[in-house]
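Values in this document were obtained by computation on a predicted structure and should not be read as measured data. Both ligands and their constituent atoms are indexed starting at 1 by order of listing.
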Amino acid sequence: MTQAIGVFDSGVGGLTVVRELRQRFPHEEIHYLGDTARVPYGTKSPRTVERYALTCQEFLLEKRVKLVMVACNTASANALPALQERAEVPVIGAVHPGALAALEATRSGHIAVLGTLGTVRSGAYEAAICERDPKASVVTRACPLFVPLAEEGWGETDIAKLTARRYLSELFQADGHVDTIVLGCTHYPLLRDVVAEVCEELCSAPVRIVDSAAAMVSQASLHLGAEETPLKRPAGALRCSVTDASRMEELAPRFLGETLDSLELVDL
Ligand code: DGL
């Protein structure tokens with residue numbers, strides 16, 4: 001078994017999880033797989049998402065990774081039980097860590113989850129939150145336009161703000177007591193500041209924003225041990241595989257915060 005952590009996503013967005021992992025565990029070796037040939041998962045049926053996610057995981061398991069992180073919220077929401085059933089190593093999804101972090105953050109017990117259509121339709125976040133706290137109230141909102149905005153590098157522009165205002169005002173109309181918002185999609189951390197600004201505009205009380213990428217890495221730390229200080233050992237290698245190489249090198253730094261050293265094209 002190699003020491004690598006396997007991380008997969010429908011495309012480039014899961015690099016937000018890798019970024020978080022590399023900040024907190026800089027010496028860990030990571031093998032990232034972006035299923036860029038079949039992205040997006042967010043608009044596909046649960047059955048298709050599960051089928052795609054299983055092939056991604058199989059690829060990483062063949063590389064003998066020690067841990068699988070399902071960075072894609074849509075895949076986590078629709079395929080986690082099937083993925084866990086087929087792996088002998090721990091498989092961490094985004095939904096349960098995000099739900100837990102939201103419950104830790106909320107004071108009112110009113111939580112909103114933003115995600116893809118596939119994540120919202122699955123009901124996975126509501127289930128994960130209410131399983132832990134049956135009294136919690138959860139509203140969800142699909143924000144499909146956030147994905148292209150993040151990829152275009154427009155996550156901090158007026159267009160992003162206008163879009164966020166539209167999505168969030170509907171959400172606060174549905175539940176005016178929401179005090180915690182979960183960014184339940186790989187791409188949404190790139191719109192975090194805009195979401196925070198719009199919340200300030202729309203709500204008199206402060207709203208906390210929970211990032212499922214950060215929450216996942218906190219859960220991974222249970223398997224990885226104590227966080228590391230960057231100085232002691234050289235940085236761990238990041239190997240990146242994709243099923244289609246188009247735009248990956250251009251987009252990756254936006255999500256990862258660094259350029260990719262290598263990119264391998266693979267066929268699943
Ligand atoms: N990675 C997906 C997620 O986190 C977003 C992009 C897609 O729709 O595939 O849900």
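- Of the N or O atoms in G42, one or more lie within a sub-3.5 Å distance of an N or O in ligand 1.
- Using a 4.0 Å cut-off between charged side-chain N and carboxylate O, R86 and E58 make no salt bridge.
- At a heavy-atom distance under 4.0 Å, only side-chain atoms of T116, from C-beta outward, approach ligand 1.
- Look at R38 and D35 and you find a salt bridge, because one of the NZ, NE, NH1 or NH2 atoms lies within 4.0 Å of a carboxylate O, short of that distance.
- Heavy atoms of C185 approach ligand 1 to within less than 4.0 angstrom.
- Contacts with ligand 1 closer than 4.0 Å are made by heavy atoms of both the backbone and the side chain of T74.
- Residue H187 has no nitrogen or oxygen atom sitting less than 3.5 Å from a nitrogen or oxygen atom of ligand 1, judged on distance alone.
- What sits closest to atom 6 (C) of ligand 1 on the protein, heavy atoms only, is S10 OG, 3.7 Å.
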- Apply the test salt bridge (Lys or Arg N to Asp or Glu O under 4.0 Å) to residues K44 and E50: give CA-CA distance (whole Å), side-chain angles for both, the deciding distance (0.1 Å), then the verdict. CA-CA 10 Å; K44 300 203 167 70; E50 184 178 297; over 6 Å; no
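- Taking the ring centre of Y167 as origin, the terminal cationic atom of R141 falls outside the region bounded by 6.0 Å and 45° from the ring axis.
- Salt bridge present: R247 and E250 bring a charged side-chain N and a carboxylate O closer than 4.0 Å.
- Note: the hydrophobic cluster containing V70 also contains V89 (ILVMFWY, side chain heavy atoms under 4.5 Å, direct or indirect links).
- Atoms of ligand 1 lying under 4.0 Å from at least one heavy atom of D9, given by number and element, are 1 (N).
- For ligand 1 and V39, the ligand atoms under 4.0 Å from any heavy atom of the residue are 9 (O).
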